[in-house]
Number of protein chains: 2
Amino acid sequence: MARTKRFDEEEMLHNAMLLFWHKGYNGTSPQEILDELKLSRSSLYDTYGDKRSLFISALKRYRNTVTAEIIAFLASSENIPEALKTLFQRTKAQCFVGEDKRGCFMVNSKVELAPHDEEVATIVKENREALENAFTAAIKRGQEMGQISKDNPPRSLARFIMNNLWGLTVHSKSGADKKVFDDIIRITLSVIK
Amino acid sequence: MARTKRFDEEEMLHNAMLLFWHKGYNGTSPQEILDELKLSRSSLYDTYGDKRSLFISALKRYRNTVTAEIIAFLASSENIPEALKTLFQRTKAQCFVGEDKRGCFMVNSKVELAPHDEEVATIVKENREALENAFTAAIKRGQEMGQISKDNPPRSLARFIMNNLWGLTVHSKSGADKKVFDDIIRITLSVIK
DNA sequence: ATATTTGCGGAACAAAAGTTCCGTTATAAT
DNA sequence: ATTATAACGGAACTTTTGTTCCGCAAATAT
């Protein structure tokens, strides 16, 4: 009946996500999106709506892939302290990918937009709550398995862990070197004992 | 010899700082600056140069006032654990000023601009290093006075403390309530013993 | 093979962003 | 009081941003 799209919708959304991740919402113009995705103007607007809709879609994609993967990883881990260590190491490694200092897309977006954009604020809040619940459940299991001390309630520890993970993404924007990351990770994990 | 300015240069710079703090660099237009500061276009450009120069000046002002005040506070404190607790409580309190969720201007700026703006990256890096040195010196004194355990080197603890302070400013953008802050502060300070 | 429908290239456009310029006004020093 | 200099108000202008629209192209279903 009609012509088919000559690009992969999901792949383009992924590329748009990477672009917003790098340069922020207000720092990315439609022209840059077109150049980067190699898409025609009409294809962009027909497929994704306006710039803000595209951004919201990208943010949701991040939640459904990156965040979801972390939650799944926690849920499937048997050794919780080891799993947490892995997450910290991965965060550290990602902060040094290609001199990009891109940090975390969710953190970047909430810093730039959450105070003034209701929809972004909602996504960001739900993302935080979902992560907190996943960390809480994992830490609770860790405590029940005797891997983690019961000195602190699991939810408190979950919040503390997340605070340090997010702190690292800010540190990556501050020109901190790997030793700074190592110090922070070592002390943070020492609390989970 | 010539006419005098009808506004206070420092006061206007302060107001500009608050505006950038709220809405970010790319989120603030020259028109908004004029409206907010009640300044004529020519006065703005004659006095502060272009928008980017104004932003840089605002960032430096933050460093010379807010950051400098924290450094002075640490240097003048006798009870270090108490001083750290005060800083955390102040950070928490500021995160809930007027439903603003404005966070920390230095953190906001580095997340938005540091990866793509060399000059911002430099200011942000120097700010981080100055703060780290101030925390390190204070914690070292705290250890020497027997207020803080010597389990960890002072610089490592300094980095850990800063990571959690910055984490809180990110948490404030995530719709977290005060209980979240209290959990994080309690566990963080429990490491400083 | 044809009709139909959607995709695509790019022109076009309104609005805003960001800056400059100029004529007038005020004031400080002489 | 006069003069020199800087401040101010606002017009004006270029560029970019964000979006729409239109005509042609292509592919699918019949």
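Just so it is clear, the values below take in all heavy atoms, side chains as well, and ignore hydrogens, waters and symmetry mates. Letters A, B, ... mirror the listed sequences (proteins, then strands); counts begin at 1.
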Please determine whether a side-chain nitrogen of the Lys or Arg among [X] and [Y] lies less than 4.0 Å from a carboxylate oxygen of the Asp or Glu.
{"X": "B:E112", "Y": "A:K23", "answer": "no"}
{"X": "A:D183", "Y": "A:R186", "answer": "yes"}
{"X": "A:R90", "Y": "A:E69", "answer": "yes"}
{"X": "B:K193", "Y": "B:D151", "answer": "no"}

Report the distance from atom [atom1] of [X] to atom [atom2] of [N], rounded to the nearest whole Å.
{"X": "A:E9", "N": "C:dG7", "atom1": "CD", "atom2": "C1'", "answer": "12 Å"}
{"X": "A:L37", "N": "C:dC8", "atom1": "CG", "atom2": "P", "answer": "13 Å"}
{"X": "B:L54", "N": "C:dT19", "atom1": "CG", "atom2": "C1'", "answer": "14 Å"}
{"X": "B:K51", "N": "C:dA17", "atom1": "NZ", "atom2": "P", "answer": "8 Å"}
{"X": "A:Q31", "N": "C:dA12", "atom1": "CD", "atom2": "C1'", "answer": "14 Å"}
{"X": "A:K38", "N": "C:dC8", "atom1": "NZ", "atom2": "P", "answer": "16 Å"}
{"X": "B:Y48", "N": "C:dG18", "atom1": "OH", "atom2": "C1'", "answer": "18 Å"}
{"X": "A:F7", "N": "C:dT6", "atom1": "CZ", "atom2": "C1'", "answer": "12 Å"}

query: What residues form a ring-ring contact (aromatic ring centres under 6.0 Å, His included) with A:F88, not counting sequence neighbours?
result: none

- prompt: How do B:T28 and A:T47 order along DNA chain C: which one's closest nucleotide is nearer the 5' end?
  reply: A:T47

- request: Extract, from 5' to 3' on DNA chain D, the first and final nucleotides lying under 4.0 angstrom from some heavy atom of chain B.
  value: D:dA4 to D:dA11

Does [X] use its side chain to pair, donor to acceptor, with the backbone of [Y] at less than 3.5 Å?
{"X": "B:Q143", "Y": "B:N152", "result": "yes"}
{"X": "A:W166", "Y": "B:T169", "result": "no"}
{"X": "B:R159", "Y": "B:T136", "result": "no"}

task: Enter the distance from A:L34:CG to A:S42:OG here, rounded to the nearest 0.5 Å.
output: 9.5 Å

message: For a quick check, with a 4.0 angstrom heavy-atom cut-off, what is the B/S/- contact string for nucleotides 20-30 of chain C, read 5' to 3'?
response: BB---BBBBS-

query: Do any side-chain nitrogens or oxygens of A:S40 fall under 4.0 Å of OP1 or OP2 in C:dG9?
result: yes

